[in-house]
There are 2 protein chains.
Amino acid sequence: MDLPTLEVSQTPKEKFREYLASGPRPQRFTRQHADMVDYIFSKHNHFAADQLIDEIRQEGLRISRATVYRTLKKLVDAGLLRELEIGQVKYYEHDYGYPQHEHLVCQKCHKMIEFQYPGLDAMIREVCRQHQFQMDGHSFVIRGLCADCNRSRMMKRRLDLV
Amino acid sequence: MDLPTLEVSQTPKEKFREYLASGPRPQRFTRQHADMVDYIFSKHNHFAADQLIDEIRQEGLRISRATVYRTLKKLVDAGLLRELEIGQVKYYEHDYGYPQHEHLVCQKCHKMIEFQYPGLDAMIREVCRQHQFQMDGHSFVIRGLCADCNRSRMMKRRLDLV
DNA sequence: ATTCTTGCAAAGCCTTTGCAACTGC
DNA sequence: GCAGTTGCAAAGGCTTTGCAAGAAT
């Protein structure tokens with residue numbers, strides 16, 4: 001978490017419960033839902049489903065793989081999580097209470113660095129207007145080497161030349 | 001192909017052959033390689049591996065699924081194709097002789113609309129500089145409904161209200 | 001002749017799904 | 001009690017890989 005969090009009036013759990021209850025066919029709020037929201041909003045920023053499953057198990061919580069996948073989808077619909085597609089894998093991060101941003105992804109250490117760029121939002125809206133395109137979302141990822149990995153590669157190269 | 005093509009001095013096939021021949025371990029230029037480059041640069045702009053396999057078959061060319069995947073990877077390394085990751089699937093498009101651009105992807109008809117935005121490149125470089133990030137590439141996709149699909153949805157909604 | 005490439009089928013990875021048992025409301 | 005949820009295991013979609021046979025240089 002690099003960026004400042006926003007003020008929010010409800011806890012994530014309350015918001016999820018509300019989302020589930022509303023709608024034409026109310027959905028139920030289960031123990032598994034509660035455990036997942038509690039865990040996710042106590043820690044993470046970026047995570048893949050598989051990582052989450054491992055960590056949840058280590059925490060002693062019992063939720064099946066299928067339920068984790070199903071609940072992640074609901075959390076995205078509820079506006080609590082954002083879904084990022086990086087490589088072939090879906091990653092998730094907090095959406096509720098956290099500002100929109102883009103990512104630099106290190107191809108070596110897989111670190112994800114968040115950034116915001118002032119003009120980006122206006123740019124996106126302008127492009128959509130020009131093409132009469134009704135935007136639903138976007139993904140913007142810059143791949144490469146982070147400062148640390150780049151530095152260590154430089155070091156290695158210097159040593160190799162000796 | 002919406003954007004103007006660039007002047008290039010070599011044919012894609014020549015460029016691929018050259019790429020394969022150079023390097024510490026020269027690779028071979030096979031009939032399958034030639035057929036794929038010929039086919040891809042005679043037609044497509046955007047395509048997934050599976051589409052390509054179907055079309056290649058219909059054209060009467062015989063190349064196995066494994067070889068298509070392996071050759072696509074080489075074509076990307078050679079700088080002839082760019083790889084786009086959209087959803088869980090990899091798409092490919094011409095890189096050689098075609099300018100850098102971004103995509104609007106319609107979630108209904110899966111149309112891909114290309115766009116260029118003047119300030120984008122400078123923006124990316126600026127962000128990388130700030131984070132001392134050594135960029136290798138980027139992907140920028142805006143999801144939503146294209147003008148056509150949006151229009152037809154409007155129509156339908158209007159009819160539903162009658 | 002040597003080394004790289006092909007084709008096949010099998011495995012891999014991540015994610016989704018059918019179904020019977022279960023549980024929130 | 002009714003409808004939605006869980007867990008399991010199996011299937012799904014896309015991509016990669018091991019290996020023996022084949023082809024380019």
Side-chain angles (χ1 to χ4, degrees), chain A residues 13-14 16-39 46-57 60-78 81 83-92 110 139, chain B residues 13-14 16-37 39 46-57 60-78 81 83-92 105 110 139:
Chain A
K13 198 152 58 174
E14 283 164 357
F16 192 37
R17 179 163 227 155
E18 195 170 294
Y19 161 82
L20 291 171
S22 66
R25 276 185 207 176
Q27 303 180 69
R28 282 148 197 186
F29 184 71
T30 66
R31 176 188 61 73
Q32 289 85 341
H33 290 157
D35 286 352
M36 271 185 69
V37 177
D38 283 344
Y39 182 77
H46 305 289
F47 58 92
D50 242 56
Q51 288 170 33
L52 181 64
I53 291 165
D54 286 351
E55 293 180 27
I56 273 179
R57 295 258 157 90
L61 305 171
R62 281 191 307 293
I63 314 179
S64 73
R65 172 168 297 271
T67 297
V68 169
Y69 276 101
R70 285 188 281 231
T71 304
L72 285 172
K73 197 167 285 179
K74 292 180 184 183
L75 288 168
V76 170
D77 285 344
L81 294 180
E83 189 181 281
L84 314 171
E85 299 190 319
I86 291 177
Q88 317 281 76
V89 182
K90 289 181 179 171
Y91 285 81
Y92 297 88
H110 303 109
S139 72
Chain B
K13 198 153 57 174
E14 283 165 357
F16 192 37
R17 178 162 228 156
E18 195 169 293
Y19 161 81
L20 291 171
S22 66
R25 276 185 207 174
Q27 304 180 68
R28 282 150 198 187
F29 185 72
T30 66
R31 176 188 61 75
Q32 289 86 340
H33 291 156
D35 285 352
M36 272 185 68
V37 176
Y39 182 77
H46 305 288
F47 57 92
D50 241 55
Q51 288 170 33
L52 181 64
I53 291 166
D54 286 351
E55 292 182 26
I56 272 178
R57 295 257 157 90
L61 304 171
R62 282 190 306 292
I63 314 179
S64 73
R65 172 169 297 272
T67 296
V68 169
Y69 276 99
R70 284 188 281 231
T71 304
L72 284 173
K73 197 168 285 179
K74 292 181 186 182
L75 288 167
V76 171
D77 285 345
L81 294 180
E83 190 181 281
L84 314 171
E85 300 191 317
I86 293 177
Q88 317 282 76
V89 182
K90 291 180 180 173
Y91 285 81
Y92 297 88
V105 179
H110 303 109
S139 73

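For the numbers below, each heavy atom of this structure counts, side chains included, while hydrogens, waters and symmetry mates do not. Just so it is clear: chains get the letters A, B, ... in the order the sequence lines come, proteins before strands, and each one is counted from 1.
A distance of 10.5 Å separates NE2 in A:His110 from CD1 in A:Ile86, rounded to the nearest 0.5 Å.
The main-chain N or O of B:Ile63 is found under 3.5 Å from a side-chain atom of B:Arg57 such that the two form a donor-acceptor pair. A:Ser22 places a side-chain N or O within 3.5 Å of a backbone atom of A:Tyr19 that can act as its donor or acceptor partner.
Looking at heavy-atom distances under 4.0 Å, A:Arg65 makes contact with a base.
Nearest-nucleotide assignment on DNA chain C puts the 5′-proximal partner with B:Ala66, out of A:Ala49 and B:Ala66. A residue-by-residue look at B:Pro26 and A:Lys73 shows that B:Pro26 has its nearest nucleotide of DNA chain C further toward the 5' end. Checking B:Val89 against A:Lys74, the closest nucleotide of DNA chain D that is more toward the 5' end is the one next to A:Lys74.
One finds a side-chain N or O of B:Lys90 lying less than 4.0 angstrom from the OP1 or OP2 phosphate oxygen of D:dT16. Put simply, B:Thr67 has a side-chain N or O that comes within less than 4.0 Å of OP1 or OP2 on C:dG7. A sub-4.0 Å separation between OP1 or OP2 of C:dT15 and a side-chain N or O of A:Tyr69 is present.
Atom pair B:Arg62:CZ and C:dC8:C1' shows a separation of 16 Å (rounding to whole Å applied). Atom CG of A:Leu72 and atom P of D:dT6 are 12 Å apart (whole Å). Taking atom CZ of residue A:Phe16 and atom P of nucleotide D:dG4, one finds them 15 Å apart after rounding to whole Å. To the nearest angstrom, P of C:dC13 lies 14 Å from OH of A:Tyr91. Rounded to an integer number of Å, the gap from A:Asp50 CG to C:dT16 C1' is 14 Å. Atom CG of B:Leu84 and atom C1' of D:dT15 are 17 Å apart (whole Å). Following rounding to the nearest Å, B:His33 (NE2) and C:dT6 (C1') show an atom-to-atom distance of 9 Å. Whole-Å rounding puts the B:Glu85 CD to D:dC14 P distance at 14 Å.
Side-chain proximity of A:Arg25 to C:dC14, D:dG4, D:dC14: nearest is D:dG4. Of the candidate nucleotides D:dT15, C:dT5, C:dC8, C:dC8 has the atom lying nearest to any side-chain atom of B:Arg70.
When all heavy atoms of A:Ala49 and A:Val68 are compared, the closest pair comes out as O-CG1, 4.5 Å. Here the closest non-hydrogen pair linking B:His46 and B:Leu84 is ND1-CD1, 4.1 Å.
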What pairs of nitrogen or oxygen atoms, one from the protein and one from nucleotides 22-25 of chain D, lie under 3.5 Å apart?
unit_1	atom_1	unit_2	atom_2	d
D:dA24	N3	B:Arg28	NH1	3.2

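Heavy-atom contacts from other residues, nucleotides or ligands closer than 6.0 Å to CZ of A:Arg62 number 12 or fewer.
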### Query
Where do B:Thr67 and B:His33 land on the side-chain contact (heavy atoms from CB on, under 4.5 Å) test, with the steps shown first?
CA-CA 9 Å; B:Thr67 296; B:His33 291 156; 5.6 Å; no
